[in-house]
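The structure appears right after this line, and notes come after that.
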2 protein chains.
Amino acid sequence: MTARTRRPARPVPTDELGQLLFDVFAQDCPSRHALENVTGRWGLLALVALRDGTARFNALRRRVDGVSEKMLAQTLRTLERDGFIHRAAQPTIPPRVDYTLTPLGRETADQLFALIQQIEGRMPAVLLAQSQYDER
Amino acid sequence: MTARTRRPARPVPTDELGQLLFDVFAQDCPSRHALENVTGRWGLLALVALRDGTARFNALRRRVDGVSEKMLAQTLRTLERDGFIHRAAQPTIPPRVDYTLTPLGRETADQLFALIQQIEGRMPAVLLAQSQYDER
DNA sequence: CAGTATCCATTTGGATACTG
DNA sequence: CAGTATCCAAATGGATACTG
């Protein structure tokens, strides 16, 4: 990844007490990256799918309609790295890997689920707005 | 945008009563698209920025650090089309355009804000998980 | 000020083939 | 089964220039 140069990169901001601030509006702030992983196209669906309990790789792949092996593997690795999911690989043949939410992951997945519920419930309004916008 | 052909595209699903179902796990379901616009890199930040009240184009651009004119314009248009924000253009010179959240947009922005708060509050845990993952 | 248009670099993502 | 590796197509996104 190359550095962006549009603006002089801010240092990670600290407040008067010298504590780290995680301002998601600031470019390159760690919270922005974490948030993007979690709200990203596949991260969001994977986390919410895991609210139902442990799942194996191919089960997740079937649940999250349209994800490729590559992207699911990549997504799960990032979520594991950030501490949202736990990966348990049995050294058997054939291999078996179980993915589960960590406590942090569950908190986040619950937030995401609330968001999804809200959007799904309001879809009629969204579709209406779209058709009104389009006839012009 | 070309059609994806990985699987035969499902029809938009209906339940036994013939009502539309908005299952975000299903590829090409309208709720998935709406959700992606709202949780996308810039859509999320634009919506949350507008919780503070009406803002003009360049004010938003300054608030959402790192967004280009092109992407902000594109993002705002999509959010307007989906009914999350309202765009009020004064036909003056110089032009002045005010963006505000619709009631739907406010509900959604509040959900997103809760998510951001949760993630920002847990960033120490995320950074710890990352460093533990990386030393291996 | 609030955009649009164009061009180009980077990134994302999918299909396919392969491995332990 | 659970991936990785490779290759290539498509989407994303930024810099720049321009307009009413």
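We use all heavy atoms of the structure for the numbers below, so side chains are in, but hydrogens, waters and symmetry mates are not. Chain A is the first sequence line, chain B the second, and so forth, proteins listed ahead of strands; every chain is numbered from 1.
Under the side-chain contact (heavy atoms from CB on, under 4.5 Å) test applied with B:Phe25, the options A:Asp65, A:Ile116, A:Leu45 reduce to a single match, A:Leu45.
In this structure B:Glu107 satisfies the side chain to side chain donor-acceptor pair (under 3.5 Å) test together with A:Gln118, A:Arg122, sequence neighbours excluded. Taking the side chain to side chain donor-acceptor pair (under 3.5 Å) definition, one finds that A:Gln130 meets it with B:Asp82, sequence neighbours left out. When the side chain to side chain contact (heavy atoms under 4.5 Å, CB included) test is applied to B:Ala114, the partners found at least two apart in sequence or on another chain are A:Gln111. Evaluation of the side chain to side chain contact (heavy atoms under 4.5 Å, CB included) rule for A:Gln132 yields A:Leu128 as partners, not counting sequence neighbours. Scanning for side chain to side chain donor-acceptor pair (under 3.5 Å) contacts around A:Arg96 gives A:Asp98, with sequence neighbours left out. A search for side chain to side chain donor-acceptor pair (under 3.5 Å) contacts involving B:Gln74 returns nothing, not counting sequence neighbours. Looking at residues two or more places apart in sequence or on another chain, you find no salt bridge (charged side-chain N to carboxylate O under 4.0 Å, His left out) involving B:Glu69.
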Would you tabulate the nitrogen or oxygen pairs shorter than 3.5 Å linking the protein to nucleotides 16-20 of chain C?
none

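Taking every side-chain heavy atom of B:Lys70 into account, C:dC7 is the closest of C:dG14, C:dC7, C:dA2. Between D:dG14, C:dG3, C:dA2, one nucleotide has an atom nearer to the side chain of B:Tyr99 than all others, and that is C:dG3.
Counting only Watson-Crick and G-U wobble pairs whose two key distances fall under 3.5 Å, DNA chain D forms stems of three or more stacked pairs at C:1-20 with D:1-20.
Summarising the geometry, the separation between CG on A:Asp98 and P on D:dG3 is reported as 10 Å, rounded to the nearest angstrom. For A:Arg61 and D:dT4, the CZ to C1' distance is 14 Å, given to the nearest whole Å. A:Leu45 places its CG atom 12 Å from the P atom of C:dG13, with the value rounded to the nearest Å. Here C:dG13 presents its C1' atom at 13 Å from CD of B:Glu36, a figure rounded to the nearest Å.
Contacts of residues 71-91 of chain A with DNA chain D (heavy atom under 4.0 Å): A:Ala73, A:Arg77, A:Arg87.
Distances shown here put a side-chain N or O of B:Arg56 below 4.0 Å from the OP1 or OP2 atom of C:dA2.
Listed by first and then second residue, the salt bridge (Lys or Arg N to Asp or Glu O under 4.0 Å) pairs involving residues 123-136 of chain A are A:Asp134-B:Arg81 (not counting sequence neighbours).
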Enumerate, atom names and distances included, each donor-acceptor pair closer than 3.5 Å involving a side-chain atom of residues 47-59 of chain B, sequence neighbours excluded.
{"unit_1": "B:Arg51", "atom_1": "NE", "unit_2": "B:Asp110", "atom_2": "OD1", "d": "2.8"}
{"unit_1": "B:Arg51", "atom_1": "NH2", "unit_2": "B:Asp110", "atom_2": "OD1", "d": "3.4"}
{"unit_1": "B:Asp52", "atom_1": "OD2", "unit_2": "B:Arg63", "atom_2": "NH1", "d": "3.1"}

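Cluster annotation: A:Phe113 and B:Leu112 are assigned to the same hydrophobic cluster (Ile/Leu/Val/Met/Phe/Trp/Tyr, side-chain heavy-atom contacts under 4.5 Å, transitive).
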